[in-house]
Amino acid sequence: MADSSIEKDIVSKLVELCRGYDIEDSSVILEIPKIREYGELSCNIALTSARATGMKPVEFAERLAEQFPTSIDGVEEVTVAGPGFLNFRLSPEYLQRLMKNIAADPEHFGSSDEGQGERWLFEFVSANPTGPLNVVSARAASVGDTLVRVFKKRGYDAQSEYYVNDGGNQIRLLGASVRARIENVEIPEGGYHGEYLLEYAERFVQYWEQSHSSTNYPDDDGVLGRYIADMILGEQEKTLEGFKVKFDLWFRESSLYDEAVKGVISKLRQRNQVYSQDGALYFKASEFGDGEDRVIETSKGAYTYVVPDSAYHLNKYDRGFQRAVNLLGPDHHGHIRSLTAALRALEMPEDFFRPILVQQVNLKRGGEEIRMSKRAGVGITLDELIEEVGVDAARYFFLMRKVSSHLDFDMDLARKHTDENPVYYVQYAYARIRSILRQPGAEKVPHLRDADLDCLNTPEELDLMKSMARFPWTLASIVRSVEPHPLTNFLTDLARSFHVFYSRHRVISDDVGTTSARLVLCIAVAGVLMEGMELMGVTAPVEPM
RNA sequence: GCCCCCGUAGCUCAGCAGGAUAGAGCGACGGAUUCCUAAUCCGUAGGUCACGUGUUCGAAUCACGUCGGGGGUACCA
């Protein structure tokens with residue numbers, strides 16, 4: 001039993017007790033109290049259902065508390081507090097047992113089958129193959145990858161996907177821009193000015209002359225662009241791998257041409273949701289929640305992004321996914337409405353498409369904000385960020401804030417190896433445990449599995465165990481909100497609980513019983529820290545820091 | 001003009017499926033090391049939750065409005 005299901009037990013008991021009143025089962029919800037003194041879990045059902053019961057909240061809460069079986073395993077005490085909260089305190093025996101289970105099988109702690117194999121597709125990064133990845137992509141990569149890891153742990157069939165935008169005319173523009181670099185002429189209107197293209201131009205020339213023994217480069221900008229785009233994609237993939245992000249599939253927009261794309265147009269046509277105007281084809285987006293109708297085929301005969309994007313989402317649906325989470329950069333937020341409108345017109349289920357806007361990142365160095373412009377090719381790339389602050393700090397920092405909030409990224413802080421830096425605070429807790437386990441005294445204690453954990457009952461030990469008990473609940477809330485940042489708060493809390501414990505108690509002492517019990521505790525803490533860091537893609541330091 | 005995000009302690013932010021005295025980190029100030037890493041710990045100070053109105057028994061949390069900050073608004077993707 002790695003998955004703590006005590007909350008399920010409590011909920012089902014409460015649901016039972018609420019029978020007979022006009023209360024929905026689903027409104028019986030447990031939460032983690034704001035203040036630890038209140039207990040480990042709390043329920044506000046008496047408050048929310050005051051009207052349905054006709055009783056005062058406190059009255060109803062007291063009745064529930066009275067009727068709550070004292071025998072339920074793991075719950076030491078149920079109390080009524082404040083305006084009518086029910087607070088549950090876990091018993092030390094339960095926590096001690098939990099520690100043993102965690103220590104025996106740390107990887108499974110926090111795992112759950114609540115997802116029931118539901119198929120979720122997480123699309124993220126999906127940067128244009130026209131240059132190196134920037135920091136917004138980096139943030140999306142951290143968030144998306146961690147979400148996939150957490151969802152998998154919670155029993156979902158979660159997959160990650162990178163949508164390669166290689167279908168539009170930007171590939172042609174890319175080709176034209178590189179040609180301009182090769183021929184040393186002016187970069188065309190709307191082309192890419194980034195200095196990095198010079199390097200790609202050189203690499204391409206070298207490659208072409210070697211493999212074709214000729215300086216006759218492809219005449220077609222699209223063909224040339226494709227070569228360059230593939231080179232850039234290769235670099236992006238390498239960068240992401242270095243960032244510990246690996247996609248299950250790199251899906252090419254070009255694979256949707258022409259069949260799938262034309263299919264979208266004809267479906268919309270069939271449903272009478274398009275019209276021609278000024279030589280262009282419009283989709284009646286305003287009838288499906290968009291602010292205005294959208295051009296889907298330009299007067300020059302090209303499709304606008306809505307068409308291939310719709311085709312792509314139909315494709316996701318046809319592949320059997322039940323949810324399509326899409327992490328979009330702040331510059332794409334205008335597209336959400338029209339794409340949503342199109343999917344609605346195409347009769348996709350309402351809850352299928354789940355766009356999430358990943359807000360911008362403000363990099364700061366020396367107290368100054370570093371401005372960036374993708375088109376001009378200036379700013380900090382993901383490679384440079386990794387180089388400067390490391391993968392661990394970068395991933396951790398990107399996960400510290402709500403996805404929907406702008407993120408201030410203090411590069412000086414991320415680089416610091418001091419207590420100001422939360423990454424090291426967490427890693428240090430882990431390193432300290434490793435250090436304890438390396439002590440000669442640790443090996444002398446036999447039969448860890450048979451250790452008697454009754455003696456783990458000091459305030460610091462109880463607090464530490466309670467911290468760990470929150471791990472599954474934290475993961476559940478991440479799934480519910482599709483928002484990974486609670487993980488960093490959880491790990492900081494757990495690390496703090498450990499540091500406090502560590503500073504007040506010795507693990508290895510002459511008392512064999514205590515030593516043995518505390519070693520089990522330490523092994524459990526290390527396991528949870530490791531598991532949490534693993535979910536974030538942060539390294540758990542094996543060597544002394 | 002329209003759309004999105006944000007406005008909570010000096011700074012960076014949690015809390016927002018409405019509910020308990022509004023929490024944390026950093027910074028400031030004052031302490032702690034014979035012993036498993038002081039990259040640690042303990043204590044103190046610090047808040048009209050931008051403002052207004054409304055809904056409610058109850059609002060930091062919901063609605064509307066105002067002010068302020070950031071970003072986006074192509075027959076490019």
Side-chain angles (χ1 to χ4, degrees), chain A residues 26-27 29 31 33-35 37-38 42 44 46-48 50-51 56-57 81-85 87 126-130 163 165-171 173 190 253 277-282 291-292 294-306 308-309 329-337 357 359-360 362 364 400-408 410 413 416-425 427-429 431-442 480-481 485-486 488-489 492-493 495-496 498-509 515 518 522 544-545:
Chain A
S26 62
S27 61
I29 294 160
E31 30 187 31
K34 285 183 202 166
I35 300 178
E37 283 71 49
Y38 294 154
S42 77
N44 65 356
L47 287 157
T48 55
R51 197 163 315 188
K56 284 184 182 158
F85 284 98
N87 289 334
S126 298
N128 287 333
T130 54
Y163 181 56
N165 295 291
D166 63 348
N169 69 15
Q170 53 184 338
I171 297 296
L173 262 175
E253 179 191 356
Q277 187 181 307
D278 307 329
L281 189 68
Y282 281 75
E292 54 187 297
R294 301 288 171 179
V295 170
I296 52 173
E297 193 176 336
T298 70
S299 47
K300 288 175 189 158
Y303 301 116
T304 61
Y305 79 92
V306 192
D309 274 14
D331 51 335
H332 284 73
H333 100 261
H335 302 159
I336 293 177
R337 284 180 82 186
L357 207 67
Q359 279 294 350
Q360 68 192 87
N362 299 318
K364 285 187 176 160
M400 277 198 303
R401 303 285 174 250
K402 257 192 317 202
V403 178
S404 61
S405 297
H406 297 197
L407 170 71
D408 276 345
D410 184 339
L413 176 60
K416 273 188 197 164
H417 291 208
T418 71
D419 55 356
E420 294 165 59
N421 189 338
V423 189
Y424 291 97
Y425 187 81
Q427 289 181 319
Y428 184 46
R432 273 184 148 173
I433 297 175
R434 297 290 300 209
S435 173
I436 293 170
L437 299 178
R438 266 195 302 271
Q439 297 297 313
R480 182 173 55 77
S481 57
H485 85 268
T488 57
N489 296 334
T492 311
D493 273 351
R496 177 172 313 107
F498 177 75
H499 286 309
V500 171
F501 159 76
Y502 181 93
S503 67
R504 304 235 176 116
H505 305 284
R506 277 195 64 80
V507 173
I508 295 166
S509 65
T515 301
R518 287 185 175 160
C522 284
M545 290 171 72

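Order of the sequence lines sets the chain letters (A, B, ...), proteins ahead of strands, with each chain counted from 1.
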Nearest to the side chain of [X], which nucleotide is it out of [options]?
| X | options | answer |
| --- | --- | --- |
| M545(A) | rA39(B), rC75(B), rC6(B) | rA39(B) |
| T304(A) | rC75(B), rC36(B), rC4(B) | rC75(B) |
| H485(A) | rC57(B), rG15(B), rC6(B) | rG15(B) |
| V295(A) | rC75(B), rC13(B), rC76(B) | rC75(B) |
| R504(A) | rC36(B), rC42(B), rG70(B) | rC42(B) |
| Y502(A) | rA38(B), rC13(B), rU40(B) | rA38(B) |

If you look at every strand shown and take non-hydrogen atoms under 4.0 Å, does [X] touch a base, only sugar-phosphate, or nothing?
| X | result |
| --- | --- |
| H499(A) | sugar-phosphate |
| I508(A) | base |
| S503(A) | sugar-phosphate |
| V500(A) | sugar-phosphate |
| D278(A) | base |
| A431(A) | base |
| E253(A) | sugar-phosphate |

With [atom1] as the reference atom in both, quote the distance from [N] to [M] in angstrom, rounded to an integer.
| N | M | atom1 | answer |
| --- | --- | --- | --- |
| rG27(B) | rU12(B) | C1' | 11 Å |
| rA50(B) | rC3(B) | P | 22 Å |
| rG15(B) | rG71(B) | P | 24 Å |
| rG47(B) | rU33(B) | C1' | 35 Å |
| rC57(B) | rC42(B) | C1' | 42 Å |
| rC35(B) | rG25(B) | C1' | 30 Å |
| rA45(B) | rA28(B) | C1' | 9 Å |
| rG72(B) | rG58(B) | C1' | 38 Å |

Under 3.5 Å, side chain of N44(A) to main-chain N/O of F85(A), donor-acceptor pair present?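 Here the side-chain-to-backbone pair does not exist.
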Any side-chain to backbone donor/acceptor pair from D278(A) onto A280(A)? Under 3.5 Å, distance only.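 Here the side-chain-to-backbone pair does not exist.
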Could you tell me if the side chain of S42(A) sits less than 4.5 Å from the side chain of P33(A), heavy atoms only?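 The answer is yes, as the side chains (C-beta and beyond) meet within the 4.5 Å cut-off.
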Side-chain contact test, heavy atoms from C-beta onward, threshold under 4.5 Å: evaluate it for C522(A) versus F498(A) and give yes or no.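 C522(A) reaches F498(A) side chain to side chain.
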rC2(B) phosphate, OP1 or OP2, under 4.0 Å from R337(A) side-chain N/O: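 Indeed not, no polar side-chain atom of R337(A) lies that close.
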In this structure, how many angstroms lie between the [atom2] atom of [N] and the [atom1] atom of [X], rounded?
| X | N | atom1 | atom2 | answer |
| --- | --- | --- | --- | --- |
| K364(A) | rG70(B) | NZ | C1' | 11 Å |
| N362(A) | rC13(B) | CG | P | 9 Å |
| Y282(A) | rA74(B) | OH | P | 12 Å |
| N421(A) | rU40(B) | CG | C1' | 15 Å |
| Q170(A) | rC75(B) | CD | C1' | 16 Å |
| Q359(A) | rG7(B) | CD | P | 12 Å |
| Y425(A) | rG27(B) | OH | P | 12 Å |
| K416(A) | rC26(B) | NZ | C1' | 9 Å |

For the student: nearest non-hydrogen atoms of I508(A) and A442(A), plus distance: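 Closest heavy-atom pair between I508(A) and A442(A): CD1-N, 3.8 Å.
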Kindly write out the residues that satisfy side chain to side chain contact (heavy atoms under 4.5 Å, CB included) with [X], not counting sequence neighbours, or none if the list is empty.
| X | answer |
| --- | --- |
| A431(A) | P541(A), M545(A) |
| R504(A) | E460(A), V500(A) |
| Y163(A) | E123(A), S126(A), N165(A), F251(A), E253(A), L256(A), P308(A), D309(A), Y312(A) |

Run the salt bridge (charged side-chain N to carboxylate O under 4.0 Å, His left out) test against [X] and tell me which residues pass, sequence neighbours left out.
| X | answer |
| --- | --- |
| K364(A) | D408(A) |
| K416(A) | E420(A) |
| R518(A) | E461(A) |
| R337(A) | none |

Report the residue (Y303(A) or R438(A)) whose heavy-atom-nearest nucleotide on RNA chain B is the more 5′ of the two.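 It is R438(A), whose closest nucleotide lies nearer the 5' terminus.
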Identify, between L407(A) and R432(A), the residue whose nearest nucleotide on RNA chain B lies closer to the 5' end.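 Taking each residue's closest nucleotide, the earlier one in sequence belongs to L407(A).
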Go through the structure and list residues passing ring pair (Phe, Tyr, Trp, His ring centres under 6.0 Å) with H485(A), not counting sequence neighbours.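 For H485(A) there are no ring pair (Phe, Tyr, Trp, His ring centres under 6.0 Å) partners, ignoring immediate neighbours.
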All ring pair (Phe, Tyr, Trp, His ring centres under 6.0 Å) counterparts of H417(A), not counting sequence neighbours: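 If we apply the ring pair (Phe, Tyr, Trp, His ring centres under 6.0 Å) test to H417(A), skipping adjacent residues, the hits are Y424(A).
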Dot-bracket assigned to RNA chain B with the 3.5 Å Watson-Crick/G-U criterion, [ ] for crossing and | for other-strand pairs, is (((((((..((((.....[...)))).(((((.......))))).....(((((..]....))))))))))))....
Whether each nucleotide of nucleotides 16-25 of chain B has a protein heavy atom under 4.0 Å at its base (B), only at its sugar-phosphate (S) or at neither (-) is summarised, 5' to 3', as BB-BBB-SSS
Trace of the side chain to side chain contact (heavy atoms under 4.5 Å, CB included) decision for I433(A) with Y502(A): CA-CA 9 Å; I433(A) 297 175; Y502(A) 181 93; over 6 Å; no
Does any N or O donor sit under 3.5 Å from an N or O acceptor when you compare the side chain of H333(A) with the base of rC3(B)?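 Flag set: donor-acceptor pair detected.
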Could you tell me whether the side chain of S299(A) has a donor or acceptor atom within less than 3.5 Å of a complementary atom in the base of rC75(B)?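 Present.
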Expected rows: protein N/O vs nucleotides 28-34 of chain B N/O, under 3.5 Å:
none

